Amino acid sequence: MTVGLLCLGAEEAHTTAYLKGKKLTSRPNMMGRTSLVFSLIVAALLSGIAAQRTACKTGDIVFLLDRSSSINQDKHNIMKNFTTTLVDSFEVGEKLVHIGLCQFSDEPNDEFYLNKYYNKEDLNTQILNVDYKGGNSYLGRALDHVKKYFEKSQGSRDQVPKILVVITDGDSDDDVEDAADILRDQNITVFAIGVGDVHDLQLLQTVGIPERMFAVRNYDVLHSLKQRVVDAMCGDPNPPPPPPLTDTP
């Protein structure tokens, strides 16, 4: 966030005015000048915070969840619960944040598009009800498929941030780089959350820059990532450094 500061000279400033053709010179009150500077700084800070939180208040966000055999039903349930905690962080509504959901294993599976639900209760109920399937992990195929979620026909909008969040715990059985490049070329910001012994290079190819890549050792500590992920999605320019990987909460 950039903050503009009003810089004052070391010598006392003079205020010059013209009144009925007469030039008047006055020395401003120092306390008043300090108050003015403080007000300008606070205004700049508030403006910056509002700007960086835009994606929390309006945007098209799609979650792409891994449901391959590298995880079991219990871990899939943790993934779904974690997704609902992310949804709870946004201002969901018809004119606010829209949420879509897709799952993948051998093939991608459409759960719901961006124009299906406009309140958190319905969204989270549907997220918790999606099925676990098993199978191989074809993330590249899923990335290529999920770009259709960001079309107008599926509820995507112009002039709002477009975000894809991938949650996976295994190496992809196909190439991810080309499909991810296409998404970014369409101004879709991709974040990836890796759980366990994931392929870091594939995650980096998926997101483009390391600041959009998150990792934990296991599902028991997945929820510890929530605030870091939300801050990154909402545009925090100075997210906290990642904590060391741990095996226990």
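The shown structure was predicted, so the numbers you read here are calculated from the model rather than taken from an experiment.
Within the 4.5 Å cutoff, side-chain heavy atoms of Ser89 are placed close to those of Lys226. At a threshold of 4.5 Å between non-hydrogen side-chain atoms, the residues Phe112 and Leu123 count as touching. Side-chain contact between Ile99 and Tyr117: absent, with no pair of heavy atoms (C-beta onward) separated by less than 4.5 Å. Side-chain atoms of Leu143 and Val166, non-hydrogen and from C-beta on, do get closer than 4.5 Å to each other. Looking only at side-chain heavy atoms (C-beta outward), Ile71 and Tyr219 come within less than 4.5 Å of each other. Side chains of Met233 and Phe90 form a contact here, defined as non-hydrogen atoms less than 4.5 Å apart. At least one side-chain heavy atom of Leu164 sits less than 4.5 Å from a side-chain heavy atom of Phe150. Using a 4.5 Å cut-off on side-chain heavy atoms (C-beta onward), Lys75 and Val195 make no contact.
Counting only distance, with no hydrogens or angles, the side chain of Ser156 and the backbone of Lys152 share no donor-acceptor pair below 3.5 Å. Under a 3.5 Å cut-off, the side chain of Lys147 and the backbone N or O of Leu183 do not form any donor-acceptor pair. For Lys162 (side chain) and Asp60 (main-chain N/O), no donor-acceptor pair under 3.5 Å exists by modelled atom type. Panel note: side chain Ser105, backbone Gly135; no donor-acceptor pair is recorded below 3.5 Å. With hydrogens and angles disregarded, a donor-acceptor distance shorter than 3.5 Å links the side chain of Asp173 to the backbone of Ser137. Lys133 places no side-chain N or O within donor-acceptor distance of the main-chain N or O of Asp106, the cut-off being under 3.5 Å. Between the side chain of Asn109 and the backbone N or O of Cys102 there is no donor-acceptor pair closer than 3.5 Å. Side chain of Arg141 to main chain of Pro108: no donor-acceptor pair is present (N/O by atom type, distance under 3.5 Å, no hydrogens or angles).
Contact between Val176 and Gly140 at its shortest, heavy atoms only, is CG1-N, 3.8 Å. For the pair Gln103 and Asp131, the tightest heavy-atom approach, listed with the atom from each and the gap, is NE2-O, 2.9 Å.
When only modelled atom types and interatomic distance are considered, Thr84 and Asn124 share no side-chain donor-acceptor pair under 3.5 Å. Looking at Asp200 and Gln202, their side chains never bring a donor and an acceptor atom within 3.5 Å of each other. With no hydrogens or angles considered, a side-chain donor-acceptor pair links Asp110 and Tyr149 at under 3.5 Å. When only modelled atom types and interatomic distance are considered, Gln126 and Asp122 share no side-chain donor-acceptor pair under 3.5 Å. Residues Ser68 and Asn136 bring no donor and acceptor atom of their side chains to less than 3.5 Å of each other.
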Evaluation steps, side chain to side chain contact (heavy atoms under 4.5 Å, CB included), between Ile163 and Phe191: CA-CA 8 Å; Ile163 296 173; Phe191 294 89; 3.7 Å; yes

Side chain to side chain donor-acceptor pair (under 3.5 Å) between Asp169 and Ser70, worked out: CA-CA 7 Å; Asp169 78 336; Ser70 58; 2.7 Å; yes

Residue pair Thr189, Arg212: steps toward the side chain to side chain contact (heavy atoms under 4.5 Å, CB included) verdict: CA-CA 9 Å; Thr189 302; Arg212 296 176 184 150; 3.5 Å; yes

Pair Gln154-Leu114, side chain to side chain contact (heavy atoms under 4.5 Å, CB included): steps then yes or no: CA-CA 6 Å; Gln154 308 300 347; Leu114 292 162; 5.9 Å; no

Side chain to side chain contact (heavy atoms under 4.5 Å, CB included) assessment of Leu86 paired with Val229: CA-CA 8 Å; Leu86 294 179; Val229 173; 4.2 Å; yes

Verdict with reasoning, Lys148 to Tyr113, per side chain to side chain donor-acceptor pair (under 3.5 Å): CA-CA 9 Å; Lys148 74 175 185 178; Tyr113 294 113; 3.2 Å; yes

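Remark: Arg184 engages Asp181 in a salt bridge, criterion side-chain N to carboxylate O under 4.0 Å.
With a 6.0 Å radius and a threshold of 12 heavy atoms from other residues, nucleotides or ligands, Gln73 has its CD atom above the threshold. Crowding of Lys116 atom NZ: a count of heavy atoms from other residues, nucleotides or ligands under 6.0 Å not exceeding 12. Annotation for Asp197: atom CG does not count as buried by contact number, only 12 or fewer foreign heavy atoms lying within 6.0 Å.
If you take CD1 on Ile127 and NZ on Lys120, they are separated by 11.5 Å, rounding to the nearest 0.5 Å. Here the straight-line distance linking atom CG of Leu222 with atom CE of Met79 works out to 7.5 Å at 0.5 Å rounding. One finds the CG atom of Asp171 at 10.5 Å from the CG atom of Leu139 (value rounded to the nearest 0.5 Å). How far CZ of Phe82 is from OG of Ser224: 8.0 Å, rounded to the nearest 0.5 Å. Taking OG1 of Thr168 as the start and CZ of Arg67 as the end, the distance is 13.5 Å to the nearest 0.5 Å. From His98, atom NE2 reaches atom CD1 of Ile61 across 10.5 Å, with rounding to the nearest 0.5 Å.
In this pair, His76 and Tyr132 present their aromatic rings tilted. The plane angle is within the 30 to 60° band.
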